[in-house]
Amino acid sequence: MGFFNKIDKVFSSSNSFQLLERNEVDLHIEENIKSVGIAKFAVSDYGDLFLSINELGGFLMLETILVSATNVKTKKGSKLTFSAKDASLKFDSDEDRIESDFSSDANRYSTKIDYNISEEEAEVFKTKKYDSVLFEINGQEINFSVI
């Protein structure tokens, strides 16, 4: 019976993203993430996207946290595309292996993903106003609206 439970778990983790039912716990999560210097950037029905640009070992990194109701796991990496009316900016994840952490207190998954970013891209990113963000992983997509 344990074998079939494992198979069910693998298939359930490959399902599409689950809708995020928001409640007062989300405000607490947002405050905790803000306290480490990462601001909410975009929202969707499936989760919230927090991000910041930081330097790590002389390299610029776009640090992101996806808070959602879905366990995200892959060995193929992810893509993040920022879009505006006249431009887009696309990033590939720094690492291929990505896995969510579950918080039983909040009943949410948080997925931390870093993206390499050049100085030129960082400047464009800081000055350009984007309308939407597309997060792609395992052939699935979440469209976020920038707040």
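In this chain, numbering begins with 1 at the start of the sequence shown.
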Taking it one step at a time, do Ser78 and Tyr115 satisfy side chain to side chain donor-acceptor pair (under 3.5 Å)?
-> CA-CA 9 Å; Ser78 68; Tyr115 299 86; 2.8 Å; yes
Atom CD in Glu120, atom CG in Leu89: separation rounded to 0.5 Å?
-> 11.5 Å
4.5 Å side-chain heavy-atom contact, Leu134 and Ile142 = no
Just grab all the ring pair (Phe, Tyr, Trp, His ring centres under 6.0 Å) pairs involving residues 60-81, residues at least two apart or on different chains.
-> none
Atom CG in Asp94, atom CG in Leu62: separation rounded to 0.5 Å?
-> 11.0 Å
Other residues, nucleotides, ligands: >12 heavy atoms within 6.0 Å of Ile53 CD1 | yes
Which word best sums up how the rings of Phe82 and Phe91 line up, parallel for under 30°, tilted for 30 to 60°, or perpendicular for over 60°?
-> perpendicular
Taking C-beta and beyond as the side chain, do Lys40 and Leu49 meet within less than 4.5 Å on heavy atoms?
-> no
How about Tyr130 and Phe144: are their ring centroids closer than 6.0 Å?
-> no
Lys/Arg-Asp/Glu bridge criterion (N-O < 4.0 Å) met for Lys75, Asp96 | no
So, Ser110 versus Asp101: side-chain donor-acceptor pair below 3.5 Å or not?
-> no
Tell me, do Lys79 and Ile137 make a side-chain contact under 4.5 Å, heavy atoms counted?
-> no
Would you say the side-chain atoms of Glu121 pair up with the backbone N or O of Ser118, donor to acceptor, closer than 3.5 Å?
-> yes
Between the CD atom in Glu63 and the OG atom in Ser52, the distance rounded to the nearest 0.5 Å is 4.5 Å
Rounding to 0.5 Å, atoms CG (Leu60) and CG (Asp114) come to a distance of 12.0 Å
Does Val146 reach the side chain of Asp131, with side-chain heavy atoms less than 4.5 Å apart?
-> no
Report, as yes or no, whether the 6.0 Å neighbourhood of atom CD on Glu95 holds more than 12 heavy atoms from other residues, nucleotides or ligands.
-> no
Is there a side-chain contact between Val133 and Thr81, using heavy atoms and a 4.5 Å cut-off?
-> no
State plainly whether one hydrophobic cluster holds both Ile98 and Leu51, where clusters connect Ile, Leu, Val, Met, Phe, Trp and Tyr through side-chain heavy atoms under 4.5 angstrom apart.
-> yes
Side-chain heavy atoms of Phe50 within contact of Val67, under 4.5 Å = yes
Are Leu56 and Ile117 connected in the hydrophobic side-chain network, where two residues link if heavy atoms are under 4.5 Å apart?
-> no
Could you tell me whether the side chain of Asn116 reaches within less than 4.5 Å of the side chain of Met61, counting heavy atoms only?
-> yes
Short question: side chain of Ser83, backbone of Ser132 - any donor-acceptor pair under 3.5 Å?
-> no
Might you work through the side-chain contact (heavy atoms from CB on, under 4.5 Å) test for Glu55 and Glu119, ending with a clear yes or no?
-> CA-CA 10 Å; Glu55 186 177 335; Glu119 287 186 32; over 6 Å; no
Should Lys128 and Asp86 count as an ion pair when the cut-off is N to O under 4.0 Å?
-> yes
May I ask you to test the Phe102-Asn71 pair for a side-chain heavy-atom distance under 4.5 Å?
-> no
Between OG1 of Thr64 and NZ of Lys112, what distance do you get to the nearest 0.5 Å?
-> 11.0 Å
From CA spacing to verdict: side-chain contact (heavy atoms from CB on, under 4.5 Å), Val43, Asp48 | CA-CA 5 Å; Val43 296; Asp48 296 332; 3.4 Å; yes
For Val72, does its backbone N or O pair with a side-chain atom of Thr70 as donor and acceptor, under 3.5 Å?
-> no
Drop me the distance from Arg97's CZ to Ile113's CD1, to the nearest 0.5 angstrom.
-> 13.5 Å
